Structures are given as structure tokens and as C-alpha cells.
There are 2 protein chains.
Amino acid sequence: MIGRALRLLDAFDAQRRELTLSELARRADMPLSTAHRLMQELCAWGAVERDADGLYRIGLRLWELGSLAPRGPGLRETALPFLEDLSQITKENVQLAVREGTEVVFVERIAGSGAVPVLTRVGGRFALTATGVGLVLLAHAPAEVQEEVLGGPIDRYTAKTVTDPRQLRRMLADTRANGFSISDRQVTMDALSVGAPIRDRHGEVIAAVSLVVRHGSTTPHALARLVRTSAQAISRALSA
Amino acid sequence: MIGRALRLLDAFDAQRRELTLSELARRADMPLSTAHRLMQELCAWGAVERDADGLYRIGLRLWELGSLAPRGPGLRETALPFLEDLSQITKENVQLAVREGTEVVFVERIAGSGAVPVLTRVGGRFALTATGVGLVLLAHAPAEVQEEVLGGPIDRYTAKTVTDPRQLRRMLADTRANGFSISDRQVTMDALSVGAPIRDRHGEVIAAVSLVVRHGSTTPHALARLVRTSAQAISRALSA
DNA sequence: TAAGGGCTTCCATTTTCCGGAAACACCGCT
DNA sequence: AGCGGTGTTTCCGGAAAATGGAAGCCCTTA
């Protein structure tokens, strides 16, 4: 069963990049002998590595494979110059993200020189309902995804986080109508983000870009124009 | 069998980031029905993705996992500021690489503003015998690796590529003695690279950094000082 | 309309994986 | 030294899952 091996790999995360065999077996909930055999196979192929200390880590081989993901590094490559422009002009935080299931995955993040510290990490995940990029991606997601997200429990991060499905639906409609989203202090009380959709050649929304600024520092609509323009430029670059 | 699934993933490379089921089965040399079932499992987990066009691609999930590799993105993170300094000061190309088996794997590459175009790609591989980083990593590799590399056939890229094992051994000895390596036009006739070792807290060489400059533009020894200093700074940052 | 290429499903066979158990290695503690 | 604790490795028979040929489906092209 291939699922077993994948469960083992799942045991790694940003906090735990190095694990002992026992920890792996515990976290993946399987007998030690099974974990041992599977890890040996993964090791032989290079998916994981292990040195004298006996700890397992994600291997280079897996990283190489991962860097072939079109929606990850592929997207990142073509978008990067535009994101840097945006960062240069505004001196604010720029984020690039895609949707995976019912979550946002951050693909790139450029920290602006004098900007609010952001808590997202490249490769990290977040709820679709709170961030600027999340709202854009949710607004253009298939109906079934929207229902699943709006029907389920909605995480609250601050007093300003919108958790009412009716209100969220209105925000999504606005996002579609305006071509940009605003998340005002929904993640932290000192930050606001403005997101815009990136489309493929067929017009499908495949990613989102956003600016994250300190609350009150600028008017959202000024940012919206910049972000939308940048998103459109990226869309064009992708279609070329 | 887990090896089967890994063989399928191996079918992807930088040239072929999107494959049909048939191509996958062909490249991994297995029946269509087997490939189909395995790809379905990988898809369900998110290791690969597939949209309406039916093509398979590496999935985000795999990219996320890959970005947990300590020797890849982990090393990159701590080294990046130093590499950028080096790039700022010299305006030349900076490369960061590690050894995997008998090859160099490039972990980061910063293109200098007015520098020679380099042909390496992040996540790409190269022979240990030709580049500046390769010579450093080979010079400090276990004896068995050195034997395997020097004993086997040695790729030639230019008229200046050193392919004689005796001469290579001398270069490796020099590299160890000097604390830096010089690859003079061994990869392309217009470029020269100078590499230096990055060590972990135990003094083991775990990576290498290099400057790649146009041949004749600067004296190698001036570069060597810069690269060595930078490599030592990175080593210290890693041990902290 | 027929042929070709690609994709998906089915299912009996057989191969492989599974995981308990036992042994091993290495601590720190008494 | 002896002892409990923790982590690792190997073994092997029973059980379960992978395998891949075949047949059917859906396109596009000739």
C-alpha cells in the first residue's frame, strides 16, 4: 500500500523536520517494523535521508521533484519579477498564493522594507475565508468548494474576522464584481490585505496576489489599483 | 510496491513537467492499468494533480513536503542573506550547492547584474568534476565517492575540462590545502568559477558556495578571498 | 465508418506486504 | 555490574493487496 508511505511523509512538518523512527511510527500510527521497512525504501530512493545521528529528514530528491510543480515554483518563476516590482513600488508585503482544496497555500512572499511583519510562510497553509488572497480564490472557486467552506465551521482570528456565511457571500460577490478583495483586520488587528485574481489563458482564476499593509496606513482602493494591474500583468505573462 | 510509484514520479523532469498516463507508463515501463491505479492513489493524496486536460503534473503537496528538506530550502534560508551580500558586492553570479551521491545539486543561484549567463537551474544537477562547487564538494567527499568519480568516465565540456584523474587529484589536494577551488573554463569557455566549502558545527563540509565570473575579468585570488569569507560566515550562521 | 490512440474498469491470480516477536544497542540510574 | 527505558533492526508465516491482461469507452483523424 502506497498510502502508508505517504502517511509517514505526512509526519514531517515545518516544526518537525527531523524525526526518529519511533516518532514517525507514532505519528503515522503504525508498527515500528512497518515504519522501518517503508522508511528504508524511501531512503533508498532518496525521498528521505538519514545520517549518523539516526534522524530521518526529507531528502533532496523530494525537493527536486517538488520544484517541478507547475502551480508552485513554475508559477513563482514567472510571477516573481512582477511581485518584486510591486514590492519596490509600495515597500509593502507581497504575497502569491493558490488554492488547494479548501485552503490557501502560499507560493511566494516578499517582505516589504518597512512593512508589518506577516506570519505566513512559503509553503504554508491558511483558511480561505480570512486573507485577501483567500477571498479571491474562494470567490472564484467551484460552487461545491464554496458550499463546503461556508457550510462548515469558520475560524475566527480577531474580533473583525467575518464568520457569518451570509456576510461572507456578500464579500465574495463584491470581490467578483470589483476584481479585488479586501480583508480588513481579519487575520491580525494591525494588518489589512488587498488581493486580486491571476487568470490562465482560458480566464480561469488559478492564483491570487495580495498586498499586506499596516491598518490605516493607506486607503485600500489605492492599493487595489496596483494589485489588480500587477495581477493582470502576471496573467498576461502566464498566457504568453 | 512503493518503488513502482517512485518510478512513476521519476518520469517527470524539468523538460517534461506534464505527462499523459501513457507517457508515464511508457517511461516507467509498466502496464497502463498499473500506472493508472498508482497515479490515482498519488492524485488522491496530492502528490500529483490532474485537471480537465487529463495531463498529470507534480502536485503542490509534494512541493510543500520538499520545502521541508533541511539540505535544500533549509540551508537556502540561512545562506540567502550572505549570498545576496556577495552578489551585491561583486555583481557576479553566486551559486549554492550540495553533493548528492556523485553529483552536484544546485540549491540556489543568484544572477549578478552584469554577469555571464549561467546554465545551471535551481534543483538541477551537474558532474562533481567540473564546477567550482563540484570540486569543493568532491575534495571533501568520502574516499569511496572520490574513487567512484575518478575511476569512472569523466565528462568533458570544453577543451579546458580536466578529465585526467591524476590531474584532478592534484586539483582536489590544492582545493583542500587552499580552502577554495578554481574551475577555469572547465564548463564553458567564457566562464570561470571559484568555490569554497561550507561546514556544519562538526567541521564537516556539507555545502559549497561559488562565484561564477567571465573569464579574464578578475583575478581568481581576489574572488577566492571573498568567497571564503562568505562561506565561513554561512558556516557560522549554520552552527548558531 | 473504420482505425488508432488514449483512458478506465474489472477480476482471478499471485506476489508482496504486514506486523508480532525477539534480539540488539545504547543510554542513565542505582 | 545490573537494571529499566527507549530506540532500532531482523525474521518469517499468514493474510491482504498489488498486478496486468482483457474488454469496453471516448475521442480524433483518415
Side-chain angles (χ1 to χ4, degrees), chain A residues 1-13 15-59 61-62 65 68-71 142 144 200-202 204, chain B residues 1-13 15-59 61-62 65 68-71 200-202 204:
Chain A
M1 177 93 114
I2 200 178
R4 297 292 187 90
L6 297 174
R7 256 174 43 214
L8 278 171
L9 293 176
D10 256 335
F12 293 93
D13 61 34
Q15 280 69 45
R16 304 174 179 259
R17 300 188 184 207
E18 308 187 338
L19 295 172
T20 67
L21 181 62
S22 320
E23 280 176 82
L24 278 163
R26 233 189 332 271
R27 289 169 73 86
D29 188 37
M30 64 179 72
L32 249 83
S33 56
T34 303
H36 181 249
R37 182 171 30 78
L38 290 175
M39 290 309 281
Q40 274 192 332
E41 290 193 61
L42 289 171
C43 230
W45 185 74
V48 296
E49 297 176 352
R50 181 180 214 194
D51 63 10
D53 60 11
L55 294 176
Y56 289 95
R57 320 164 215 292
I58 298 293
R61 200 65 201 283
L62 214 48
L65 254 190
L68 298 177
R71 293 209 298 151
E144 54 185 89
D200 67 8
R201 72 190 66 218
H202 310 301
E204 291 292 307
Chain B
M1 176 91 116
I2 201 177
R4 300 247 145 156
L6 297 174
R7 256 174 42 213
L8 278 170
L9 292 177
D10 255 337
F12 292 93
D13 60 33
Q15 280 68 45
R16 306 176 179 254
R17 299 186 185 209
E18 308 186 340
L19 295 173
T20 67
L21 181 61
S22 321
E23 280 176 77
L24 278 163
R26 228 186 339 270
R27 288 169 74 87
D29 188 38
M30 63 179 73
L32 241 75
S33 56
T34 303
H36 180 249
R37 183 172 32 76
L38 290 174
M39 291 308 282
Q40 274 193 332
E41 290 194 60
L42 290 172
C43 231
W45 185 75
V48 297
E49 298 177 351
R50 179 179 215 194
D51 63 10
D53 61 11
L55 294 175
Y56 288 95
R57 321 164 214 291
I58 298 293
R61 200 63 200 284
L62 215 49
L65 254 190
L68 298 177
R71 293 209 298 152
D200 66 8
R201 70 191 68 219
H202 310 300
E204 291 293 306

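Computed from a predicted model, the values in this text were never measured in an experiment. Quick note on labels: first sequence line is chain A, next is B, and so on, each numbered from 1.
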### Query
Below 4.0 angstrom from OP1 or OP2 of C:dC18, is there any side-chain N or O of A:R37?
yes

## Note on the structure
Residue pair A:Y56/B:M30 against DNA chain D: nearer the 5' end by closest nucleotide is A:Y56

### Message
How many whole angstroms separate atom CE of B:M39 from atom P of D:dT19?
### Response
14 Å

### Task
Rounded off to whole Å, could you give me the CD-to-C1' distance for the B:Q40 and C:dT8 pair?
8 Å

### Message
Expressed as a whole number of angstroms, how long is the span from A:R4:CZ to C:dG19:P?
### Response
4 Å

#### Entry: A:S33 side chain, from C-beta outward: closest of D:dG20, C:dT8, D:dT10
D:dT10

## Note on the structure
Per atom distances to the B:R26 side chain, the nearest of D:dG7, C:dG6, D:dT19 is C:dG6

### Query
Can a side chain N or O of B:H36 be found less than 4.0 Å away from OP1 or OP2 on C:dT8?
yes

### Task
Report the distance from atom CD of B:E23 to atom P of C:dG5, rounded to the nearest whole Å.
14 Å

### Task
Scan B:S22 against the nucleic acid and name what it touches under 4.0 Å (heavy atoms): base, sugar-phosphate only, or nothing.
sugar-phosphate

### Summary
Among C:dT8, C:dC18, D:dT8, the one nearest any side-chain atom of A:L38 is C:dC18

### Query
Nearest of D:dG7, C:dC17, C:dC7 to any side-chain atom of B:L21?
C:dC7

### Out of D:dT9, C:dC18, C:dT8, whichever nucleotide has its closest atom nearest the side chain of A:T34
C:dC18

### Task
To the nearest Å, give me how far apart CG (A:D53) and P (C:dC27) are.
13 Å

## Note on the structure
Double-helix bend of the helix from C:dT1-D:dA30 to C:dT30-D:dA1, axes at both ends from 5 pairs, round to 10°, gives 40°

### Message
Are A:D51 and A:E49 packed together at the side-chain level, in the sense that at least one heavy-atom pair is separated by less than 4.5 angstrom?
### Response
no

### Query
Which heavy-atom pair separates B:V48 from B:L9 by the least distance, and what is that distance?
CG1-CD2, 3.7 Å

### Atom-to-atom span, CG of B:L32 to C1' of C:dT8 - whole angstrom
9 Å

#### Entry: Residue met sooner reading DNA chain D from 5', once A:G54 and A:G3 are mapped to nucleotides
A:G54

### Message
Measure CG/A:L55 against C1'/D:dT6 and give the value in whole Å, please.
### Response
14 Å

